[in-house]
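Before any comments, here is the structure.
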Amino acid sequence: MAYLSHPLFSVETATESSVLLLYRNNGRCKFSCNAFQRRSPPNVFKFRVRNFAEGENFAGFLANDDQMLRWGCGGKLRGRSIRATGRKFVEDDNESSDDAEDTLQATIEKSKKVLALQKNLLQQIAERKKLVSSIKDGIINEEPAVSDDESFPDIDLTSGDEDPDEAYTSSSFPNNAPHSPVVETPKTPRAQTTTSDVEEREREYGKVSKTERVSPTVDSIGNRESGKETMESLHPLTTLPDPSGAFVLEKKKSLELEEATESKREIGPEKEEAKPPPLAGANVMNVILVAFECAPWSKTGGLGDVAGALPKALARRGHRVMVVVPRYSDYYEARALGVCKRYKVDGQDMEVNYYQAYIDGVDFVFMDTPMFRHRENDIYGGNRLDTLKRIILFCKAAVEVPWHVPCGGVPYGDGNLVFIANDWHTALLPVYLKAYYRDNGLMKYTRSVLVIHNIAHQGRGPVDDFHYVDLPEFYKDLFTLYDPVGGHHFNIFAAGLKAADRIVSVSHGYAWEIKTLEGGWGLHHIINENDWKLQGIVNGIDAKEWNPKYDVHLTSDGYTNYSLETLNTGKPQCKRALQKELGLPERPDVALIGFIGRLDQQKGVDLIAEAIPWMVSQDVQLVMLGTGRPDLEEMLRHFEHQHRDKVRGWVGFSVKTAHRITAGADILLMPSRFEPCGLNQLYAMMYGTVPVVHAVGGLRDTVEPFNPYGESGLGWTFDRAEAGQLIHALGNCLYTYREFKKSWEGIQRRGMMQDLSWDHAAQQYEDVLVAAKYHW
Ligand SMILES: Nc1ncnc2c1ncn2[C@@H]1O[C@H](COP(=O)(O)OP(=O)(O)O[C@H]2O[C@H](CO)[C@@H](O)[C@H](O)[C@H]2O)[C@@H](O)[C@H]1O
């Protein structure tokens, strides 16, 4: 093999401190080289790369120091020049290497100085941000309407509803199928909030006093007060675990927390360094998330929330990130890109145009075509074939977006690129990527990850549907599935799961459940066969959108923003405002219970219905917000009609009302039969609203049951999707709400102090993307 002798590359966007990292062919062999400037023009920097062979493929990226990544590139070395798909990469002839070594050395020295300067600069920025946010906090206290720190932008140094093909999907399975396996897997909790996380949050929300943090039944030096025994006897409905270990552990945690807080006090906040999320470093990639909905533009449920928030967290880690989503109506932030492409669907030419908005470091690309227009209130609606054609068009076009759609003037290109597809609607993308391109030696460095948000919806149809997807006949097997209920059928999710390079499910518990007969909805065999590429990652939440301190829906009609510091005044005010808005008696002492969600089998609304006679016999108020099955919508109206002094059934989709219920309610009910992750319980905890949930999927992963002995835990759980179990758990919860105010407040505060942001999940996603990238 003939090696090139030190080919030189020139990059206009580089700086003296830049490093070019190139990965040869299979990504195993890495080359890095520092920039040096050799001649005019002065803003062009050179990189010398050794031992690359003629015609060799590479993927690579440019870093301006060991962490701050500027951009990625990919391409093929041809002779002594490269065809790069990155930004402002300039072809360059080979040059003699004689005088380069000295220059290189000098450049390295300079780089070190520049790095030191940058570090200093970062420190200054962190201090200024802190100053500005403390000023803003002051302003927010006077004017709660003021929201996030947009006036001081981050300085970027890193340069359904019922399934449409109902006959073939969920309804192909008996509705009474036990979709609530009792999970016996070892529980893998989400990242625990560390002491420093807690302190961070304390800084954010204000200091939690000693008495607030320490268990109310424990004195300050660790002796158990008589109150503990009282708790035991006064919680007759609670199954109490062995108290000893939990108590000691909890006490230790409290003391550690205090010590750490004390030492922080000594250090003083001015000496603390602001910690930006860690950057992806050498793992930086181009990432394109494709989904059928994306908040705030389009949303029918949790998928919209994830598509709106996860990409921003990935971008914060330094990746170049795009979201591709249908354009259902005019979005004022998005501008037309003037790119028009045509794709064939069922023999017909379909025209596709693109719009783009760049927000919070993410390129949001909206695909416009007559098929999508005016569907914002019926995204997954229409007959089965119409839906199938929409998803075929979307996936065919989306896979080519990195070539055709210039963002910031430069397309993403197909080197160092990973697609993240979501649920069955985009499960065709991994198949097209493979069949149209990778099988033909194209997009060789592009990978796909398929995320399972809900495996119950799969895009099932008759086997003949295969001819619509325009694939070679030998791909038919990928789609054909047999199960005792559906018989032989065409299954899009099945094909996507097989074709994707990696699979993610939205919690650890759900990753386990979908391997079971009950939880896999007919796909458990495929999941088990592909277990090696499956990983569970618990969703995060958009900490800007769902934060009681900044929530824009709490700034009018008597609601107010609140934080950990103002929990005892802010939350009761929101409760009063909610009661007023709903026309319920304005009583601070009554327990206000909320439910938000799709009205269908999954969400266990029928369990609430069964429990209603018991609930209305209690001193409670109940508000339920949801849309979905007409019979369940009717049921909501009926309950409201029957119990006007206690129950409100709000039929409709209202983001504002969802936020207000989350803030104003004391308790959030989630009796879901199955719940891949669940976001509402996470939102609830951020707002000091205590969740009562069926311990399944992500609910089990995220809601640690309350333990009155150790004063630990975040809510109440029950093990079987039965009304009796729901009543038992809710009974305990209400009892604590009424009789043990301090314990209640402890649960609220622990919930609010968790770090539920997307940053942790984004890091785990990054690991999956990297694993996909290096898989051949
Ligand atoms: N009537 C209404 N009005 C206003 N807002 C409403 C509403 N009904 C629901 N919402 C909102 O929609 C979202 C629903 O989130 P879930 O996680 O419960 O969702 P879903 O079952 O749709 O998602 C699937 O995907 C998500 C994301 O991965 C998983 O968490 C989940 O378990 C899985 O079933 C929340 O933001 C909620 O506030």
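We count ligands from 1, going down the list as the structure has it; atoms in each ligand are counted the same way. Any value given below was found using the heavy atoms of this structure, including those in side chains, with hydrogens, waters and symmetry copies removed.
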Review point. Distance only, no hydrogens: is a donor on one side chain within 3.5 Å (strictly under) of an acceptor on the other, for His453 and Asn422?
Key: yes

Practice item. Would you please indicate yes or no on a ring centroid separation below 6.0 angstrom for Trp297 and Tyr328? Key: no

**Study point:** Residue Val306 vicinity, atoms of ligand 1 by number, heavy atom under 4.0 Å
**Key:** 27 (C), 28 (O)

Review point. Are Trp424 and Tyr380 close enough that their ring centers fall under 6.0 Å?
Key: no

Exercise for review: Show which atoms of ligand 1 fall inside a sub-4.0 Å distance from at least one heavy-atom site of Gly301.
Suggested key: 12 (O), 13 (C), 14 (C), 22 (O)

Review point. When only distance counts, is Cys677 in polar contact with ligand 1, meaning an N/O pair under 3.5 Å?
Key: yes

Point to revise | Test item, Tyr683 contacting ligand 1 (heavy atom, 4.0 angstrom) | key: yes

Review point. Do Gln602 and Ser672 have side-chain atoms, one donor and one acceptor, less than 3.5 Å apart?
Key: no

Point to revise | Test of proximity, Ile596 against ligand 1: N or O pairs below 3.5 Å | key: no

Exercise for review: Check the angle between the aromatic planes of Tyr562 and Tyr687 and answer parallel, tilted or perpendicular using the 30° and 60° thresholds.
Suggested key: perpendicular

Point to revise | Nitrogen or oxygen atoms of Gly302 and ligand 1 under 3.5 Å apart | key: yes

Exercise for review: Pull out every atom of ligand 1 sitting under 4.0 Å from any heavy atom of Asn680, numbered as shown with elements.
Suggested key: 18 (O), 35 (C), 37 (C), 38 (O)

Practice item. For Glu581 and Tyr559, test the side chains for any donor-to-acceptor distance below 3.5 angstrom and give the result as yes or no. Key: yes

Study note, to complete from the structure: Near Leu679 (heavy-atom distance under 4.0 Å), the atoms of ligand 1 are 16 (P), 17 (O), 30 (O)

**Study point:** Per atom 24 (C) of ligand 1, closest listed option by heavy atom (Met670, Lys299, His453, Gln602)
**Key:** His453

Exercise for review: Pull out every atom of ligand 1 sitting under 4.0 Å from any heavy atom of Glu675, numbered as shown with elements.
Suggested key: 31 (C), 32 (O), 33 (C), 34 (O)

Exercise for review: Give the ring-plane orientation class for Trp546 versus His659, where under 30° counts as parallel, over 60° as perpendicular and anything between as tilted.
Suggested key: parallel

Practice item. Enumerate the atoms of ligand 1 whose separation from the nearest heavy atom of Gly597 is less than 4.0 angstrom. Key: 8 (N), 9 (C)

Check your understanding: Looking only at distance, does Thr300 have an N or O less than 3.5 Å from an N or O of ligand 1?
Key -> no

Point to revise | Location of contacts on Val506 toward ligand 1, heavy atoms closer than 4.0 Å | key: side chain

Exercise for review: Run the numbers for me: atoms of ligand 1, each under 4.0 Å from some heavy atom of Pro676, listed by number.
Suggested key: 32 (O), 33 (C), 34 (O)

Check your understanding: Should the pair His694 and Phe718 be assigned to parallel (<30°), tilted (30 to 60°) or perpendicular (>60°) ring geometry?
Key -> parallel

Review point. Cut-off 3.5 Å, side chains only: do Thr702 and Gln681 have a donor facing an acceptor?
Key: yes

Exercise for review: Would you please say whether a donor-acceptor pair under 3.5 Å links the side chains of His319 and Glu766?
Suggested key: yes

**Study point:** Proximal candidate to atom 7 (C) of ligand 1 [heavy atom criterion; set Phe653, Phe595, Phe674]
**Key:** Phe653

Point to revise | Sub-4.0 Å heavy-atom approach of Ser507 to ligand 1 | key: no

Review point. Which atoms of ligand 1 have any heavy atom of Asn539 under 4.0 Å away?
Key: 27 (C), 28 (O), 30 (O)

Review point. Between Tyr683 and Asp305, do the side chains contain an N or O donor and an N or O acceptor separated by less than 3.5 Å?
Key: yes

